[in-house]
Each structure stands twice: as structure tokens, then as C-alpha cells.
There are 2 protein chains.
Amino acid sequence: MKPSTSIQDYLKRIYELTENGLPASTNDLARELNVRPASVTGMIQKLAAEKPALVEYQKHQGVTLTSAGKRAALEVIRHHRLLEAWLVQTLGYSWDEVHEEAERLEHVISEDFERRIAAALGNPTRDPHGELIPTADLKMPVDDTTPLSSLRASQSATIQRVVAADPNLLRHLDSLGLTPGIQIEVIEYSEFDNNLTVKVGRKVNVLGLNITTKIFVEIQK
Amino acid sequence: MKPSTSIQDYLKRIYELTENGLPASTNDLARELNVRPASVTGMIQKLAAEKPALVEYQKHQGVTLTSAGKRAALEVIRHHRLLEAWLVQTLGYSWDEVHEEAERLEHVISEDFERRIAAALGNPTRDPHGELIPTADLKMPVDDTTPLSSLRASQSATIQRVVAADPNLLRHLDSLGLTPGIQIEVIEYSEFDNNLTVKVGRKVNVLGLNITTKIFVEIQK
DNA sequence: CTTAAAATTTAGTCTTACCTAAATAATTTT
DNA sequence: AAAATTATTTAGGTAAGACTAAATTTTAAG
């Protein structure tokens, strides 16, 4: 049986919160899902009791996904990211507008729809923010990008991924030309405030940690 | 507040069942919605009690939409028909495949999404089956088409609308070339079985009432 | 190591939207 | 016009998934 929309949301958030290898806490999940902690406890107990179990759960120890749970989560994430790519490409959405729409659509599209948009887009590997799209057989590719914050003067790189949800920040980055696929070069590093002076096209900007830790790049050899 | 998916479904079905001017019966609604009659009674009582009321309801007398209810129904129908048009045009769905997908998507797309696909399609007036699409200000255009069954020998017409839900029938009609936009000419009428012999392109087919009452045309002057 | 604070869980409700079974009303048949 | 059939409504339940308030466990501070 296909999990309910609520369950899909729980699994997706648990996936995201456990990407660091640690179990997800009740509180963090509650915050991400805009739900009270007590509701989270109830739901994860239910998910742990499903057959097959979707999560691994020990009281007070947080929650992780089982392989069945991870598969279900990746399915939703694949839907979400393909939808974002597709909304941007075919309907002219900007990257700060797509999230909300994809958030609702991801739960209702058919596998046929998924295949059609994936094919129409040429089976893309990243969404408009540069996030990796799980493959059709539900494996998450490994991301080998580097945070911009770790680059130093004279290094060149291509922006691969921008990790930000706030539409205002996204619009700001867009206005600076800091979007996936763009080439940049680090002009200067300040060890005092960790600012990076970065050349983007013909413009030069000074970026703080707040931004440079959210941009992931592939360094030019 | 936006009505729930269930309520949207009820309103849409009530709209369809009352297009003939008569109130919709509990039983008919139950059949259309795949729900038990008792559930329908419960829901329509609730809809009649909303402020503003979405339906007009007298015990045992069936149900009709109020203007607020009709507006909500037309919104859903507009979503559905635009989605069908769009799935066919941009993702290569055939007209026998789109219904199911649109049925789920119609409840979750934003007004922004609606505007974008309407614009992308050039504000179409009919969906792939030829059904009229409610306008952006939620008026249903009047349909002035004629059932093919009422034509007689030597009359020519353009197919405007095909009223059928069964995918097998739709595929059959497609294979005969009987789709919206196509020109046809009636060669012969049989008053005994009401069959029409119809020329479609260079082919000639004999069509029974079962088909000719489901195809609506605009007669050539 | 004990206490205060924070996080988590339990227990008990609520809402939505469905269900079945039984009761009532409307319609059709005889 | 009464009886039988069909349609509709009422009454009482259930399952999901949320909530609040209270109890408990864990963690952090002194």
C-alpha cells in the first residue's frame, strides 16, 4: 500500500534529518513538520509497528529509517526534485517559487507521470537548486561537492548546489548570479571574518560565511 | 478556507449531476463518489450548514449547489480540464489516460499553477475531450453543440466534444479518427436502427446510437 | 550527585470522513 | 389504497492524524 501523504512527509523529513548519520529527534521532526512533539511520537510508533517497519525506533533514542522506509522516502524525494526541475523548465517558475508547489504535487503524481517528466527532462541528475535526484531505482547518488567556504584565493570552481529554503535568500543569490552551473573564482580570503571575495562573471562580490557555507562547488583542477 | 479534497469531489459531482436542472439524489451521488448513501447524507448536511452554505438541501428532495458551491465546483472543474489539456499537450498523454491523473492533481495545484498552464496553452476553451473549460472568472461557457445522432444524410459537421469516460471506448473512437476538431459527413441514416454512415477523412464507418449520442458536433452551414 | 531544565512519552480528546444497521419516508405495484 | 420496494436518513462506530495536559526520562548545571 502507498503510504499516506502524512507518512510520506514524515519519512522524507526523517531521511533529511538522518543524512548526517545520526537518528532524528522527536523535537527536530516536530519542528520540521509543523506538528507537536506528541504527534511525532504517536506517528513514529505507528511507523515502527507497520509490517514491514518503516522506521527503527527506541524510546528516547530518536528514529532512523529502515530500508523499506528509505525506499519510500527516496520515492517522494525523487518526485519532489523532478517536479521542481520540471516546473522551472516548462512553466517558468523561479527557484524560489517551486518548493511549495512541488511539496503538494509530490504526493499525488503517478509513477507514469514521474517517468514522463523524467524522460521529458532527459533524466536530469540534479534539481534547480542542484540537489541530487534519486535514480529511478531509488538510489541516492553520492554528492562530491565542496562548500565554497573551504576555497581560498585563486581557486576556480563551478557552482553545483545551493542549500537554502528561504525565498528571499534564493532571490538574493539569484541576483548575484550565484546559481548552479555558474563558474566562479575566489579572489581573496579574509581569515578574520572568513569572507570570500568572489568573481562571478565580470562582477566581484564579498560573501560571508552565511552564504559560502550554503554554496557547494566542484573545484577546477 | 479552501474546501477539502472530499468536499471538492462532492461539489464537482453535484455540479455534474445537476447540469440537467434537477437536484442530485443521494443515491446517484453515492454511486458517482464510490461512497455509501449514508455518507452522502452526512456530507451534504454538513455542506448545507457551512457559512456560506455550499449546497441547498431539503430532506428527501435531493441537493443543488448554491452560488458559492457552484463557484467552488467550477474552480475544480477548471483545474481538471486545464490539467487534462496540459498533460496531453506537454507530456504526450492520450485522452484515455489523462482523467485519473487530473483527478488527483486538480485538488492540489495552486492558482498560480492554474494561471501558468492556462497561459502556456493559450487559454484554451475546451479540454482534450472537447469539454468546455470554465473561464478564469469561473463562468461556464454555454455549449451549443449538437449530438451527432441528430444529423441526417448529406450533413457535414466538425466534432467538438466526445462524452465518454471508458478508456476502451475512447481508444476505439480514437482509432476511428473520431476526435474533436475532425470534419465528418453523414452519408446515410437508417431509420430502423438509427445507425449513421459517416465519412471521416477517407474512411466510412457505420455508427450506432451508442456512439452517435456521445459525439457532439458543430454543423456546417 | 542532586536538582533544574529540556526532551520525550502517555493518556485522553477532537475532527474529518468514512462505515453498518436500523428506522423512516417516498414511490411503485397490485 | 394498502403493500412492497426503493431511497434516504438517523444512530452509533471506526481509523487517521492531529491536539493539550500531565507524567516521565534524559541531559545539563551547580
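A, B, ... follow the sequence lines: proteins, then strands. Residue 1 opens every chain.
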Report the distance from atom [atom1] of [X] to atom [atom2] of [N], rounded to the nearest whole Å.
X	N	atom1	atom2	value
L33(A)	dA16(D)	CG	P	18 Å
D9(B)	dC18(C)	CG	C1'	14 Å
I44(A)	dT8(C)	CD1	P	9 Å
K46(A)	dA15(D)	NZ	C1'	8 Å
Y57(A)	dT10(C)	OH	C1'	10 Å
M43(B)	dC18(C)	CE	P	5 Å
M1(A)	dA16(D)	CE	P	10 Å
L29(A)	dT9(C)	CG	P	11 Å

Nucleotide of [options] approaching [X] most closely (side-chain heavy atoms):
X	options	answer
N27(B)	dT16(C), dA7(D), dG17(D)	dA7(D)
K59(A)	dT9(C), dT20(C), dA17(C)	dT9(C)
V35(B)	dC18(C), dA11(D), dA16(D)	dC18(C)
H60(B)	dA25(C), dA7(D), dT10(D)	dA25(C)

**Message:** I'd like to know if R116(A) pairs up with D112(A) as an ion pair, taking the criterion as any Lys NZ or Arg NE/NH1/NH2 lying under 4.0 Å from an Asp or Glu carboxylate oxygen.
**Reply:**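 A salt bridge links R116(A) with D112(A).
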Under 4.0 Å from OP1 or OP2 of [N]: is there any side-chain N or O of [X] that close?
X	N	value
S39(A)	dA18(D)	no
Y10(A)	dA16(D)	no
S25(B)	dA7(D)	no
Q61(A)	dT25(D)	no

**Message:** Using 30° and 60° as the class boundaries, would you call the ring planes of H129(A) and W95(A) parallel, tilted or perpendicular?
**Reply:**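 Rings of H129(A) and W95(A): parallel, as their planes differ by under 30°.
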**Heavy atoms of other groups near E56(B) CD, more than 12 under 6.0 Å** = no
**Asked** Within a reach of under 6.0 Å around CD of E100(B), are more than 12 heavy atoms found that belong to other residues, nucleotides or ligands?
**Response** no
When we call it a touch if two heavy atoms are under 4.0 Å apart, what does [X] touch: a base, just sugar-phosphate, or nothing?
X	answer
S6(B)	sugar-phosphate
V40(B)	nothing
T26(A)	sugar-phosphate

**Asked** When the nearest nucleotide of DNA chain D is assigned to R36(A) and to Q45(B) on a heavy-atom basis, which residue is associated with the more 5' position?
**Response**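 Residue closer to the 5' terminus by nearest nucleotide: Q45(B).
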**Message:** We want to know whether H79(A) and E111(A) form a side-chain donor-acceptor pair, criterion being a heavy-atom distance below 3.5 angstrom.
**Reply:** yes
